[in-house]
There are 2 protein chains.
Amino acid sequence: MIKKLIFYILTTTFSLSAFADNGYNLWLNYKLVEDVSLLANYRTQLQSLYIPYQNATAKIAASELENALKILLNERVAETKEIKENSLVLLKTEDFTKYGLASKSFEKTDAFAIEKKMIQNKPVILISSPSEIGLLYGSFKLLQILGTNGDISQINIQESPKIARRILNHWDNLDRTVERGYAGFSLWDWQRLPKYIDQRYIDYARANASIGINGTVLTNVNSNALILTKEWLQKVKALADTFRPYGIRVYLTARFSAPIEIGKLKTADPLDEEVKTWWKDKANEIYNIIPDFGGFLVKANSEGQPGPQNYGRNHADGANMLAKALAPHGGIVMWRAFVYDNEVPEDRAKQAYNEFKPLDGHFEDNVIIQVKNGAIDFQPREPFHPLFGALSKTNTMAEFQITQEYLGMATNLAYLAPLFKECLDADTYAKGKNSTVARVIDGSLFNNKISAIAGVSNIGNDINWCGHPLAQSNWFAFGKLAWNYSLTSEQIAREWTKLTLHTNNSATNEVVDILMQSREAVVNYMTPLGLHHLMGWDHHYGPGPWIANKPRADWTSVYYHKADKNGIGFNRTRTGSDAVDQYQPQLANEFNSTKTCPEKYLLWFHHLSWDYRLKNGETLWNGLVKKYYQGVEEVWQMQTAWNKLNGNIDPEIHLAVKQLFSIQYDDAVMWRDACVLYFKQFSGKPIPAGLEKPKHDLKYYESLEFKYVPGI
Amino acid sequence: MIKKLIFYILTTTFSLSAFADNGYNLWLNYKLVEDVSLLANYRTQLQSLYIPYQNATAKIAASELENALKILLNERVAETKEIKENSLVLLKTEDFTKYGLASKSFEKTDAFAIEKKMIQNKPVILISSPSEIGLLYGSFKLLQILGTNGDISQINIQESPKIARRILNHWDNLDRTVERGYAGFSLWDWQRLPKYIDQRYIDYARANASIGINGTVLTNVNSNALILTKEWLQKVKALADTFRPYGIRVYLTARFSAPIEIGKLKTADPLDEEVKTWWKDKANEIYNIIPDFGGFLVKANSEGQPGPQNYGRNHADGANMLAKALAPHGGIVMWRAFVYDNEVPEDRAKQAYNEFKPLDGHFEDNVIIQVKNGAIDFQPREPFHPLFGALSKTNTMAEFQITQEYLGMATNLAYLAPLFKECLDADTYAKGKNSTVARVIDGSLFNNKISAIAGVSNIGNDINWCGHPLAQSNWFAFGKLAWNYSLTSEQIAREWTKLTLHTNNSATNEVVDILMQSREAVVNYMTPLGLHHLMGWDHHYGPGPWIANKPRADWTSVYYHKADKNGIGFNRTRTGSDAVDQYQPQLANEFNSTKTCPEKYLLWFHHLSWDYRLKNGETLWNGLVKKYYQGVEEVWQMQTAWNKLNGNIDPEIHLAVKQLFSIQYDDAVMWRDACVLYFKQFSGKPIPAGLEKPKHDLKYYESLEFKYVPGI
């Protein structure tokens, strides 16, 4: 099999290598417009470029447009010193009157419009914005429209981001390993910074600007104080200088014990005057060289990270002290809510709410609480985090995980827009209907001063940036939803596919179908019906529903599934941990009753008998097993559909994904069989007839060891 | 400065990004032939392709030729079913008579010829060889001739490699870190092997085949037994299968204690029957899935690695036991001579000779001793290792270091062909004049059964493979010299430059000049006049001549330079450690006397007064200091020359190297000032007039700490 595969690779890939796509260009993969009449139409309307601005951002927009149009239209669209007919014009709103245009206002500085109109009696396509960054965003938008064969003859769109800070979190360590990273290693070549600016930093900035991402936290939440030292801040500055003209601000994780580790103080107590002064001085030092430094992201008193609780203080004490140091400079503190007590709680899902709800309203204006999408930890499916909607007097932001720590790393395809949307669209009912998580995050529900959203990046130094070629769609989707959470998962999938893979309509549909079913397939073969946290120990690769006997019970799997001869699932209802009542009453009631609880969350909230009747009439046992088998079947379907696309996809990408589906199929079977055999011990029931028997016994799966799994 | 630099980057790099070269293509960077008449000439002679073979190697040769010629000639040179006029024909010698050709013999199976001749009355260019691998080598050679605008109208060349096994050593760990690696991380994506064959494996194989490299050791000499387990051998097999059609065999490092660690035996004593059986079984297991497995590379009883001496056995016992396990399968054991005693020796440089000379003749036929080019450890300059020529009854191979552990990592340019040649061309006088190291290694001096040469790779997952764009020339040079050590450094530099950078004649000359002076510049600003081992502790970055007080004296710098108020240098003459007498008498006498010892080795062999008169009349102190200053000046010259090439080099490459020269300049100044100030303490003499004063004092340099230096 491998021999054939390798022979196939050698003859196919290389013989077409002139066309082989290594994925480096991401969705900025400009290609000549194929439709002949559309090409003529674009060429007619985009004959020259007028951008009367000289700053770096404007020059970047001009460059991107010229280079992209050269490829898209196979024509040189040159900059002119005056507006010509049938040109592309970029103007800031403050200059409208100079050109005889009626004034226009935008809600946000980085908003933009793209309109076909007349300026000085000449037909043009006008990109306008209050800022050069908005003009850059508009330029990328126009290129995306061209790249997806949109009509620009009467274009009239306006876009304004709802969430102000759209941020990537890189869990990158200073030794360049990436925690939970599966796409190689860290992009940041610290040793050669500040003087060596790798071209990848520039292409990273372009990719992010093209989807509206305007912030990046460079360092791991499991932080290293060294980054705050003078020498390393120069390296950070070099990156900040590189990103700035792309509208991207740099943030850092702040190690709470830095005053001790690098300041040589005896304490890091946030109420200690010397400590406060140390952080103030540190902030001054940073802003002196990075004037638009975004601020700090902090993981404190969680999983061994130092924090205010080490000194008998609370999260607000810690966050506020840092916030005051940053406030004079306009910086913010993103304080993570992913904390859990030294004492193992009765229900880990309740922890963060219990810690932060009492502190609501106690935080400075420039503090924002960073809350994971769900209450446990980035599982394939989690109900939205009860803190969304619960903090009515505190800035709140969401943290999504783009890297697939629990969804199959870089070998399993899982298009995550549906997961992001599931959370964003969820109604918290905090202020009645339509109190969606998205409206909490964009600040509109509670009139917050700051709004932000973070995605834990899936980016590394692999040539294709994300490990799995199709996982680029998740970076893309995160940016697109951060900009406009009303987009649908399918729209985004379609756009990414056409821009990146250049598939014809039929192939595009196929790829979109594959993407759209992928997340649910993973849920099915890993953690169906509301199950969660069943993965392998430590490295998190593969199944481990048997994980028990660890230093903390809430680090085990058994704590979460609680399978026994009577049933399975975590009782979070009022007869159990009552986590349901951390939600608003309508939801609490809905979750509380098996009649109304959505089945996708069933075992998240309920411990049920193996004989419990699901909506489709199946017993819970049979239904659970069938979900596992369905998941594997769905991988097979995606794999088959993908293989059929051979010839319609770039051969290098097609082959890479084909090989990865082969691995994913093995992984899905491993998950299915390990989990079904494990739970079968408790249900005492057989695998339903007609389903293929597992190849191995449970002991086999329990004995599997995976060494050197990436990301830890 | 950084702002300007960044602005420069943003506007220049991106606006020309259509032409920006990321270095990925290495010297396989095919471009349209620019000279119009040459292009016509080539097209006339290469109108079609005839390759009457179906195996994988033949298909690879066909693919490479078709794809490359498509670009070089901008024409499709298609395969035909018969020989046509003015075609390119590939034939194995065994088929000559079929085509009416007189028989031809070659010295080696992988040799080849390229000739303009008539076949069946048709003018063709014929590539011939006993093997398909030879045909592949000949194909790459022809492409290199075309790529350097060579004349093929009357081409008649024949090449035969002198050294049979031309091997890369990857010090890659299973967690993908690369020991002493400065080009990112390991290429081998173990987690996704065996099923995911990264395109990079294929391009790695192409690059190596194009320079005749036919072996690769995948794992670090500081070894991990896990690679020998069943699951991991499948991953190795996948790589072996990928490389095989490119003529590349896979080797592994064998951890001597593997029988204990993975075999669960109680001992790894090479004389123990169970141990012998374990290795025999392991060899059988390997060859069952990798029939042409090359063999083992072993670092034993060195720097903590387990080995036969742990059991009171000697190197021959250990090597022979492994050799016997591999012999039935045709495998070899490369046993490293880089060992040193538990007891700190009086002179580390004598260690390996003292350990291995007594064992000469005691090794099995399929054992080869792998000897570093010099007796200490890959310093910027070392005299050749005294073991070359001393082992007259034992296969001996050389180990060179391509990665720049001691020559500035990935920020300092050092073209190493001169270093390789200095060793290869050195006369050992083992059998009179012309007993060069090269003739030891190619087996001709002592009629050895096996010949091999190894290079510790500078390859990682950086897009440009080698970290510094110009460091690719060292991988290229190693391969070229492994194939034919009679080539000159300049020839190789010129070829690499033209193939990779596509510079015009004048720019090529400039680049070659820069390359040719680079190694000596490093010697000058780091370790001139025979000094050695002065680098920073552990990570080996930056200067550390003050390093003292370490667990072993021979890990310090003071042990090697022995600077005191009376002088500097290591007395290896007959009045000192007498390391000179490990060489043949002619050389020993030459090194022994300051009158005849080459000044480039002066302080390697002599401890001399600060007032000692060098050949140019300067005192040793003045001469030493001037060397340091000269080295910095040379970096400035290289930097200036490179900057002038702006416009004549791809902009992305030009900018990257420009930035790296800027770092190199800083590094060179740091080395110069730290070393001069340090040694000045002992000489008590001033820095000669006219030389710029160091910016900082010695304490400053001694206090510098470098964290997270790559490669450890």
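So that the names make sense, note that chain A is the first sequence line, chain B the second, and so on, each numbered from 1.
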Under 4.5 Å from any heavy atom of chain B - which part of Ala410(A):
both
One pair to check against side chain to side chain contact (heavy atoms under 4.5 Å, CB included): Tyr24(B) and Asn22(A). What are the steps and the verdict?
CA-CA 11 Å; Tyr24(B) 182 84; Asn22(A) 61 14; 5.5 Å; no
Atom of Gln191(B), atom of Tyr708(A) and distance for their closest heavy-atom approach:
OE1-O, 4.5 Å
Between Asp667(A) and chain B, with a heavy-atom cut-off of 4.5 Å, which part of the residue counts as in contact: side chain, backbone, both or neither?
neither
Side chain / backbone / both / neither for Asp666(A) at chain B, heavy atoms under 4.5 Å:
side chain
For Phe185(B) and Phe185(A), take the angle between the two ring planes, folded into 0 to 90°, and tell me which bin it lands in: parallel under 30, tilted 30 to 60, perpendicular over 60.
parallel
CG/Leu655(A) to CD1/Ile202(B) distance, rounded to the nearest 0.5 angstrom?
7.5 Å
Partners meeting salt bridge (charged side-chain N to carboxylate O under 4.0 Å, His left out) with Asp292(B) (sequence neighbours left out):
Arg244(B)
Do you know which of Lys70(B), Lys707(B), Glu66(B) has the most heavy-atom pairs under 4.5 Å to chain A?
Lys707(B)
Value rounded to 0.5 Å, distance of CG in Asp198(A) from CD in Gln659(B)
9.0 Å
Per-residue contact mode, Glu705(A) against chain B (heavy atom under 4.5 angstrom)
backbone
Separation between CE (Met409(B)) and CZ (Arg192(A)), nearest 0.5 Å, reads 12.0 Å
Could you have a look at Ala656(B), Ala62(B), Ser186(B), Ala205(B) and say which one has the most heavy-atom pairs with chain A under 4.5 angstrom?
Ala656(B)
If we check side chain to side chain contact (heavy atoms under 4.5 Å, CB included) with Lys195(A), which of these qualifies: Leu660(B), Ile663(B), Thr411(B)?
Ile663(B)
With sequence neighbours excluded, tell me which residues meet ring-ring contact (aromatic ring centres under 6.0 Å, His included) with Tyr182(B).
none
Go through Leu226(A), Leu174(A), Asp175(A), Asp462(A) and name the one with the most non-hydrogen pairs under 4.5 angstrom from chain B.
Leu174(A)
